[in-house]
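The block underneath contains the structure these notes are about, expressed in structure tokens.
For reference, positions follow the sequence shown, starting with 1.
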Amino acid sequence: MNVGEIDTFVLLRPMFTMLFVFSLIILILLIVPKTKYYMNGLMVIGSSVMLSVIAAQLLWTEGVLADELGIAGDVISILLFAAILGLAILSCILFYVQKKKVTDRK
């Protein structure tokens, strides 16, 4: 190891990327007009909470492993965790705004 190098724990980054992609797919399904009618509140909130909890658990595990191994945590994973939380909150808000617009039209 060189003096300027710091080892980082990046083994869980693919999992964070996968969770981010799933969160993005849910948001896209809410935005696309033909597919948003197939989404219900239980699916949107349930999947958003589930993805957020899994990402939080992964972040916790990554921190524990990095601490035990004596290496730095991955900054990209922290940013992906924040993006997953942001997409989950945005999906829930978007679903209920769209639902309110539909019920106000009737």
Side-chain angles (χ1 to χ4, degrees):
M1 183 168 109
N2 293 337
V3 176
E5 271 182 43
I6 298 175
D7 289 333
T8 57
F9 188 78
V10 296
L11 294 176
L12 295 177
R13 191 185 294 177
M15 296 297 294
F16 281 106
T17 306
M18 182 189 65
L19 292 174
F20 176 74
V21 168
F22 286 154
S23 297
L24 198 59
I25 288 171
I26 291 171
L27 185 66
I28 289 171
L29 288 175
L30 283 171
I31 293 172
V32 174
K34 290 185 179 184
T35 60
K36 69 181 177 184
Y37 298 109
Y38 299 112
M39 308 285 278
N40 61 15
L42 181 64
M43 183 189 149
V44 172
I45 292 177
S47 59
S48 295
V49 168
M50 181 184 64
L51 290 170
S52 299
V53 167
I54 292 171
Q57 182 63 40
L58 275 175
L59 190 64
W60 176 269
T61 304
E62 180 179 311
V64 169
L65 288 172
D67 186 47
E68 290 295 323
L69 295 173
I71 57 179
D74 187 22
V75 176
I76 305 290
S77 295
I78 295 171
L79 294 175
L80 283 171
F81 172 71
I84 291 166
L85 282 180
L87 287 175
I89 292 169
L90 185 63
S91 294
C92 292
I93 291 171
L94 183 65
F95 175 76
Y96 282 108
V97 166
Q98 288 177 350
K99 185 178 178 181
K100 185 169 173 47
K101 284 181 183 178
V102 169
T103 56
D104 287 345
R105 260 190 253 153
K106 290 181 180 182

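- Between the CG atom in L58 and the CG atom in L65 there is a gap of 10.5 Å [rounded to 0.5 Å].
- Not counting sequence neighbours, K34 has no partner by the salt bridge (charged side-chain N to carboxylate O under 4.0 Å, His left out) test.
- With sequence neighbours left out, the side-chain contact (heavy atoms from CB on, under 4.5 Å) criterion links V32 to I28, T35.
- Tracing side-chain contacts under 4.5 Å through hydrophobic residues (I, L, V, M, F, W, Y), one never reaches V64 starting from I71; they form parts of separate clusters.
- Taking all atoms of both residues into account, the shortest heavy-atom contact from L30 to S91 is CD1-O, 3.3 Å.
- Expressed to the nearest 0.5 Å, how far CG of L85 lies from CG of L51 amounts to 10.5 Å.
- Minimum interatomic distance between S52 and F81 (heavy atoms only, all atoms of both residues): O-CE1, 4.1 Å.
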Give every donor-acceptor pair under 3.5 Å between a side-chain atom in residues 16-27 and any protein atom, sequence neighbours left out.
residue: T17; atom: OG1; partner: R13; partner atom: O; Å: 2.9
residue: S23; atom: OG; partner: L19; partner atom: O; Å: 3.1

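- Sorted by first and then second residue, the salt bridge (charged side-chain N to carboxylate O under 4.0 Å, His left out) pairs involving residues 44-71 (not counting sequence neighbours) form an empty list.
- For residues 39-51, no residue pair satisfies the side-chain hydrogen bond (donor to acceptor under 3.5 Å, both in side chains) rule, not counting sequence neighbours.
- No chain of hydrophobic side-chain contacts below 4.5 Å, direct or via other Ile, Leu, Val, Met, Phe, Trp or Tyr residues, connects I93 to M43.
- Atom CD in Q57 sits 10.5 Å away from atom CG in L12 (nearest 0.5 Å).
- Transitive grouping of hydrophobic side chains (ILVMFWY, heavy atoms separated by less than 4.5 Å) keeps V10 and L80 in distinct clusters.
- No chain of hydrophobic side-chain contacts below 4.5 Å, direct or via other Ile, Leu, Val, Met, Phe, Trp or Tyr residues, connects I89 to L79.
- For the side-chain contact (heavy atoms from CB on, under 4.5 Å) test, residues two or more places apart in sequence or in another chain that qualify with I45 are V49, C92, Y96.
- Under a hydrophobic-cluster definition in which Ile, Leu, Val, Met, Phe, Trp and Tyr are linked whenever side-chain heavy atoms come within less than 4.5 Å, directly or via other members, M50 and L90 are assigned to the same cluster.
- The shortest heavy-atom contact between V44 and M39 is CG2-CE, 4.0 Å.
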